[in-house]
Undergrad: 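Shown below is the structure under consideration.
Quick note: residue numbers are just sequence positions, from 1. Remember, it's 1-based here, ligands and their atoms both numbered in the order they're listed.
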Amino acid sequence: MRTALTVAGSDSIGGAGIQADIKAMSVVGVHATSVITAVTAQNTQGVDGIFPLPEEFIKTQLEAVLRDCDVKAVKTGMLYSAEIVSTVADILEDHDMPLIVDPVMISGTGCALHDDTLVKAMKRELLPLCELVTPNKYEAEVLAGMEIKNYDDVTLACELIGKEGSSVLLKGGHFDSATVTDYLYLSSEIVKLENPRLKKSGHGSGCTLSSFITANMAKGYDIVNAVLKSRDLIQESIATQYAIGKGDVVVNPMVKLKGDTDRTKVIDELDSAVSRLMDIIPDEIVPKKGMNIAMALKDAAGPEEIAAVDKRLTVHNGMLRKGGQCKFGTAEQLSYVLLSVMKRFPETRCIMSLAYNDETMDVMEEVGFTVVSVEMPKDRVTESVDKAIGKRKTAPDAIVDKASKKERVIRLLAENPSEMLEKIEQIL
Ligand code: PLP
């Protein structure tokens, strides 16, 4: 699974900080590692105390994580002081992954989460390293050193904050407007992202949004797409925020947990497709090494998020048999083909292997299937498929590799197992 990192403070009430970050990253389907900078004692009504951790120990945590994992993207949240900023910047400077800075300054309940040294250090040491900084109106005013009252001020503030080359997402929640407009500054242009104004966003909205963005970037999305996807998620998080105490409500990062329910659904759909296939598939379209059908979770990031029949379907004494149960992470080769297709066509989440034969190819042509032929060496599956479908406007119905005739396999593509069954029935 892809890994992201949050470097942030602990929030004892669990609405913001590290606790929100881990939930938000998990929802996007990324493993969250965490380095704690400060421990806060707080609840929905206020902050009772802040205990910044010794810089040496923040360094030890960071080094432990970065030495071990291939972290794909990192965010910073509450950093509290210049000393902590320097400690974190010194280490991140030597690592080449996107850095998203959420310039946390004040808690939702109005308490300062930093000392007097933070802002200067953040501007000097962290902003030059980051790809994206995500201030709200107040934080942008502090970072830019100016008041923001109109669109010209927004532009100037973004230019000042992003002057070292980073993009800026200036969040519009605190502006006095009927809708919420966030401004995404990408050095040469500003993209306006307008959303309906829901209720006042609860505790943890900033942390949750920046974590959604970081996790999406860890999955390989560029800034614009990571922000767009995350903006949709935070909208739902605010729409479903809830009360846990006597003060502020907390946002709900768990909006789309790609957990058991989605996994169970995928396995259930595959199971029923497999039983139907076992009734209808003739031996001659089963490849010698066995056939398989695989289905991916939405936005799957790796083979572990794709389910298939364990040890394939093979023919024994004239009967099609299952090697094992449907499970996740069992069909690597097929999964890599599907993952490449999904990068371009995310709705195409089902793939099935068939033996190559000329009759099947003829029938596919007769029924109007689009077939792409690909030179697909085993060690360059992803590259080959990317190249073959890169410029297509619609997903092909099948990909055929150009291996020797004996080893050649047809890989049928569909959005889900039911559509796959329809396609199979068309060509039988
Ligand atoms: N980090 C910590 C540890 C916090 O306690 C808070 C707010 O209280 C924040 C960050 C910022 O929260 P928000 O996402 O509401 O801006």
Undergrad: Just to verify, what does F51 make a ring-ring contact (aromatic ring centres under 6.0 Å, His included) with, not counting sequence neighbours?
TA: none
Undergrad: Which N/O atoms of ligand 1 sit under 3.5 Å from a protein N/O, and at what distances?
TA:
residue, atom, partner, partner atom, Å
ligand 1, 5 (O), Q42, NE2, 2.3
ligand 1, 8 (O), Q42, OE1, 3.3
ligand 1, 14 (O), S205, N, 3.4
ligand 1, 14 (O), G206, N, 2.9
ligand 1, 14 (O), C207, N, 2.8
ligand 1, 15 (O), G204, N, 2.8

Undergrad: Do the side chains of I267 and F328 get nearer than 4.5 Å, heavy atoms only?
TA: yes
Undergrad: Any ion pair linking E141 and K137 (charged N to carboxylate O, less than 4.0 Å)?
TA: yes
Undergrad: Which residues pass the side-chain hydrogen bond (donor to acceptor under 3.5 Å, both in side chains) test with T214, sequence neighbours left out?
TA: none
Undergrad: Less than 4.0 angstrom from a charged side-chain N to a carboxylate O is my criterion; do R344 and D386 meet it?
TA: no
Undergrad: In residues 241-251, what donor-acceptor pairs under 3.5 Å come from side-chain atoms, sequence neighbours left out?
TA:
residue, atom, partner, partner atom, Å
Q241, OE1, G202, N, 2.8
Q241, NE2, K200, O, 2.9

